[in-house]
> 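A single structure is presented below for examination.
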Amino acid sequence: MDTAPLRVTIDGETHAFPAGLTALQALRTLGRALPTLCHDDRLTPTGQCWSCAVEVSPARGLPFRPRPACREPLREGCEIRSGGAALDAFRRQMFEQLAERVAPAELERFPDKPLHCELLRHGIAARAPAAGTAPVDASHPHIRVDMNRCIGCLRCVRICDDLQGESVWRAVGNGADLRVVTAGEVPLADSACVGCGACVDTCPTAALTDARAWREPAATAWTRTVCPYCAVGCELEVGVADGRIVAARPALDGPANQGHLCAKGRYAQGYVDAPDRVTAPRLRRNGRWESAGWEEAIACAADGLRRIVAAHGPDAVGVLGSARATNEENYLAQKFARVVLGTNNVDCCARVCHTPSAVALGRMLGAGAATNSFDDIERAACFLVVGANPLENHPVAGARIRQRVRRGARLIVVDPRRTALAAIADVHLPLRPGTDVALLNALAHVLFAEDLLDRDFLAARVDGVEAFAAHVAPWTPERAAGLCGVPPEAIRAAARLYARARPAMCLHGLGLTEHVQGTEGVMALIDLALLTGQIGRPGAGVNPLRGQNNVQGAALMGCEPGSLTGGARLADARDRFAAVWGVAPPATPGLNLLGMLDAARAGRLKALYVIGYDVLASLADARVAAAALARLELVIVQDLFLNETARAFGHVFLPAVSSFEKDGTFTSSERRVQRVRRVLAPRGAALDDAQILCRLAAALGHGASFAQPQAEAVWDEVRRLWPAAAGLSYARLQTRGLQWPCVDAGDPGTAVLHVERFAHGARAVLAPIDPRADDERADADYPFLLGTGRHLHAFNVGTMTGRTPQQALRPTDTLDMHPYDARQLGLGDGMPVRVESRHGDAVLPLRVTDAVAPGRLFATFHDPVRAVNRLTGPRRDTITDTPDYKVTAVRVRPA
Ligand SMILES: Nc1nc2c(c(=O)[nH]1)N[C@H]1C(S)=C(S)[C@@H](COP(=O)(O)OP(=O)(O)OC[C@H]3O[C@@H](n4cnc5c(=O)[nH]c(N)nc54)[C@H](O)[C@@H]3O)O[C@H]1N2
Ligand SMILES: Nc1nc2c(c(=O)[nH]1)N[C@H]1C(S)=C(S)[C@@H](COP(=O)(O)OP(=O)(O)OC[C@H]3O[C@@H](n4cnc5c(=O)[nH]c(N)nc54)[C@H](O)[C@@H]3O)O[C@H]1N2
Ligand code: SF4
Ligand code: SF4
Ligand SMILES: [Mo]
């Protein structure tokens with residue numbers, strides 16, 4: 001490839017440019033901005049509007065011709081004129097004409113819209129009447145549509161197709177009759193729109209605007225931070241006016257999101273100022289919550305903890321860190337448990353989602369985290385998606401996967417439901433829930449039977465091949481098909497696709513991990529990657545799609561009963577931690593979350609300190625969880641809201657601030673540590689989790705080792721204890737998040753793990769896994785298998801999204817049932833139905849859909865009032881105790 005710089009003359013001066021730029025990009029490097037009404041860097045340029053026109057001559061002496069700069073490639077020796085009388089007059093005339101479409105008030109309200117910028121710059125008055133002839137579509141809670149303002153640039157159509165992939169917008173007619181409409185010309189709220197706001201973000205006029213922009217003042221300051229919801233880790237800029245969040249937009253160079261967001265990241269910040277946000281400490285007295293001052297609340301919490309530790313020992317207390325809080329705060333939470341209380345009873349809600357992934361990856365490969373990066377999506381030739389629904393649960397990564405598939409990558413989806421990704425898969429394996437191990441064994445069988453192994457990779461890096469071959473020999477696709485309920489030929493087709501496409505990337509979710517065999521399921525998936533050598537290279541690997549914004553960080557900081565910060569094993573690292581802490585962490589591993597609740601039920605655990613985690617609403621087998629919580633003498637809840645746990649069982653409530661009100665870092669699914677920045681002043685008397693922990697530690701006599709709640713100082717202590725993060729200074733994170741391992745200031749971070757050797761430094765050993773018999777089966781009394789999970793618009797137990805306009809997009813949890821079953825039971829769409837399991841019951845509105853197979857059901861768990869976890873039962877992963885949320889036998893009748 002010729003990479004010699006090009007010599008180009010621009011406005012009379014000759015410059016050298018790297019090859020491959022457009023005239024527009026070259027002009028920008030010289031600081032010369034051109035109007036770009038139909039272009040946005042996230043789109044392929046079309047050159048349709050000509051607002052960026054320049055005059056180009058192919059070589060000195062040849063005539064100049066007008067060209068749209070956005071799609072004019074630079075050529076050696078060419079000459080470009082970016083301005084001049086003719087061009088200026090042409091542009092002015094274009095803007096004069098377009099001013100007919102702009103109303104004066106809108107020009108004022110949206111001065112940053114690209115067309116409006118040009119009118120303001122040229123001093124051209126907006127001339128449209130305030131109300132146009134076409135009706136405004138205000139049906140959508142986030143997006144206002146006023147096509148009277150449309151200039152037909154088609155940016156919305158293209159961004160919806162090319163970035164989000166939903167194709168909501170269509171152009172009909174042409175020339176002066178061109179109109180932009182939703183597919184089917186339905187109101188936006190009834191269209192396929194997912195509310196990501198990309199069209200609003202790109203629209204150069206007031207045709208597409210944020211609905212809230214009409215209620216709120218314009219932002220006066222913008223701060224860059226990280227989305228508080230899922231672990232994709234999208235970076236966004238948050239706009240503030242009068243001390244409130246009024247807008248948000250994607251960071252164009254956010255490493256994971258690259259200028260995109262989902263509806264939650266873009267529009268769901270309203271919980272910060274929800275009317276029922278609790279911003280002063282509370283104490284429960286005589287059964288009722290009463291407001292208290294900080295001193296009193298801290299003293300009350302400290303006295304209670306002191307009393308219980310004195311009477312029953314430190315292991316009578318448990319601490320739960322928060323997957324929603326920062327790394328720094330979680331580090332302090334586990335240090336508090338170990339140093340102040342003297343117990344390893346510390347965990348977080350990684351326990352209920354991807355601890356199985358962390359354990360399986362850690363054991364087999366030496367690092368308990370995703371092997372690759374989101375950027376590898378564009379490098380993958382094939383995806384094997386197991387038990388994950390990224391278009392809803394990791395929407396920005398999901399959109400990237402879908403775009404890559406549309407551009408030719410192959411796709412295998414293993415999911416009992418026909419998710420939106422399954423619907424476009426080359427092979428969808430709608431297996432019987434809980435049978436992944438049998439299926440993965442059969443896929444491995446095919447790899448041996450059809451010689452699809454990467455023999456060189458196995459010889460160089462993997463042990464246990466012969467034993468593993470013997471293990472999978474009996475696992476023919478025919479045998480697995482019987483158990484899993486998928487055709488043997490589909491299993492063969494999937495194995496061939498995955499092995500032959502290079503590189504192929506595994507992405508997995510809770511459909512694999514939240515099972516009795518959760519950890520073993522992930523191990524069986526790692527086996528496939530090892531057998532085919534689809535690991536240790538870009539575009540490949542085994543990648544858990546982690547849950548909350550900082551769930552990986554919370555566990556890695558040491559909110560984990562068996563390991564310390566950075567995943568250091570208790571047995572190996574106590575002295576090293578003692579040197580920094582002044583106190584050695586206790587020697588025996590603590591109780592995990594499930595163990596804590598078991599101990600509470602047995603009367604051995606007396607106190608629980610719960611930070612940013614609604615245990616009662618989210619834990620499986622809710623009645624039993626409630627019985628356990630009810631026996632505790634002291635429950636301290638530190639949250640933004642009186643969540644279900646606090647409401648039912650809290651004694652002390654310590655009001656924390658949201659991520660928009662503090663500084664720190666989150667660690668995303670791709671191991672990227674990113675800076676979270678304070679956007680707003682803390683509400684009321686609420687404090688950040690770090691300050692609360694430090695105050696509580698001081699009240700318990702440990703002020704000296706908790707003297708420093710400032711995020712950067714805490715992070716520097718983390719870096720001293722975690723060698724793989726030593727290079728991640730705040731100074732370096734200022735400009736861009738970096739991926740651990742990052743060992744020193746010169747280390748660029750690690751995009752792909754296990755490239756030359758596995759993280760444990762040894763050869764990987766294949767793990768033969770046998771499916772276990774599962775006692776949760778459908779029978780005559782409980783004929784359906786219910787799985788639970790999520791939908792796009794709500795997040796977990798709905799504490800945050802439920803207090804935003806997201807709620808309008810999908811107001812309730814539902815029970816999804818196949819039309820055949822609904823007909824058999826005489827049930828109709830929308831009907832309230834009573835669902836009963838062997839563990840409890842719940843009432844849900846029915847949603848009739850063929851995305852679930854007959855005999856199977858799916859329910860979301862986003863509304864604590866619906867309490868779907870009264871249905872789920874006590875079965876747990878045999879290795880990590882992760883509850884099985886995915887298989888519950890139930891029956892259904894009209895409510
Ligand atoms: N919109 C939204 N996004 C979220 C969240 C949210 O609540 N809402 N929560 C966040 C959190 S905490 C997490 S952990 C992630 C979770 O993200 P995902 O892992 O995608 O979560 P789920 O929807 O619980 O389950 C994924 C899929 O597993 C399938 N499944 C069920 N049983 C089985 C099985 O036996 N085998 C297989 N192979 N598949 C099965 C389900 O049909 C479902 O489509 O999402 C995060 N992102
Ligand atoms: N049936 C069923 N149940 C499930 C699952 C399932 O698939 N099916 N999935 C499980 C999974 S994977 C998960 S992760 C859990 C999630 O369960 P939770 O972790 O309980 O759910 P979240 O909605 O993430 O709630 C987090 C809490 O943190 C608070 N919060 C937010 N930011 C901060 C902060 O900065 N500081 C503090 N102190 N608090 C903060 C919020 O107000 C909220 O109360 O649910 C589990 N439950
Ligand atoms: S609605 Fe906006 S983005 Fe879409 S074509 Fe019209 S002006 Fe362009
Ligand atoms: S994909 Fe996840 S991180 Fe990105 S905006 Fe949506 S919820 Fe936030
Ligand atoms: Mo999760």
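Order of appearance sets the numbers: ligands from 1, and atoms from 1 within every ligand.
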> Taking distance alone, with no angle check, do Glu514 and ligand 1 share an N/O pair under 3.5 Å?
no
> Is it the side chain (CB and beyond), the backbone, both or neither of Thr419 that lies under 4.0 Å from ligand 1, heavy atoms counted?
side chain
> Output the list of atoms in ligand 3 that are nearer than 4.0 Å to some heavy atom of Cys153, sorted by atom number.
3 (S), 5 (S), 7 (S), 8 (Fe)
> Does Asn174 have more than 12 heavy atoms from other residues, nucleotides or ligands lying within 6.0 Å of its CG?
no
> What protein heavy atom lies closest to atom 21 (O) of ligand 1? Include the residue and the distance to one decimal.
Asn393 ND2, 3.1 Å
> How does His394 reach ligand 1, if at all, at less than 4.0 Å between non-hydrogen atoms: by side chain, backbone, both, or neither?
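It is the side chain that gets close, since no backbone atom is under 4.0 Å.
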> Is ligand 1 less than 4.0 angstrom away from at least one heavy atom of His791?
yes
> For ligand 2, which atoms have a heavy atom of Thr799 less than 4.0 angstrom away?
42 (O), 43 (C), 44 (O)
> Just which atoms of ligand 3 are under 4.0 Å from any heavy atom in Cys156?
1 (S), 3 (S), 4 (Fe), 5 (S)
> Find all atoms of ligand 2 within a distance of less than 4.0 Å from any non-hydrogen atom belonging to Lys662, and give their numbers and elements.
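Per the distance check, 34 (C), 35 (O), 36 (N).
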> By number and element, which atoms of ligand 1 are closer than 4.0 Å to a non-hydrogen atom of Gly434?
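Counting from 1, the qualifying ligand atoms are 34 (C), 35 (O).
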> Which ligand 2 atoms, with their elements, are less than 4.0 angstrom from a heavy-atom of Ile611?
38 (N)
> By number and element, which atoms of ligand 2 are closer than 4.0 Å to a non-hydrogen atom of Met800?
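Counting from 1, the qualifying ligand atoms are 31 (C), 41 (C).
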> Looking only at N/O atoms, are Arg546 and ligand 1 under 3.5 Å apart anywhere?
no
> Of all the atoms in Cys203, is at least one N, O or S atom closer to atom 2 (Fe) of ligand 3 than 2.8 Å?
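Checking atom 2 (Fe) of ligand 3 against Cys203, an N, O or S atom does fall under 2.8 Å.
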> Residue-level breakdown please: for Ile151 versus ligand 3, do any non-hydrogen atoms fall below 4.0 Å on the side chain, on the backbone, on both, or on neither?
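The part of Ile151 near ligand 3 is both the backbone and the side chain.
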> Would you say Arg149 contacts ligand 3, with heavy atoms under 4.0 Å as the rule?
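Contact absent.
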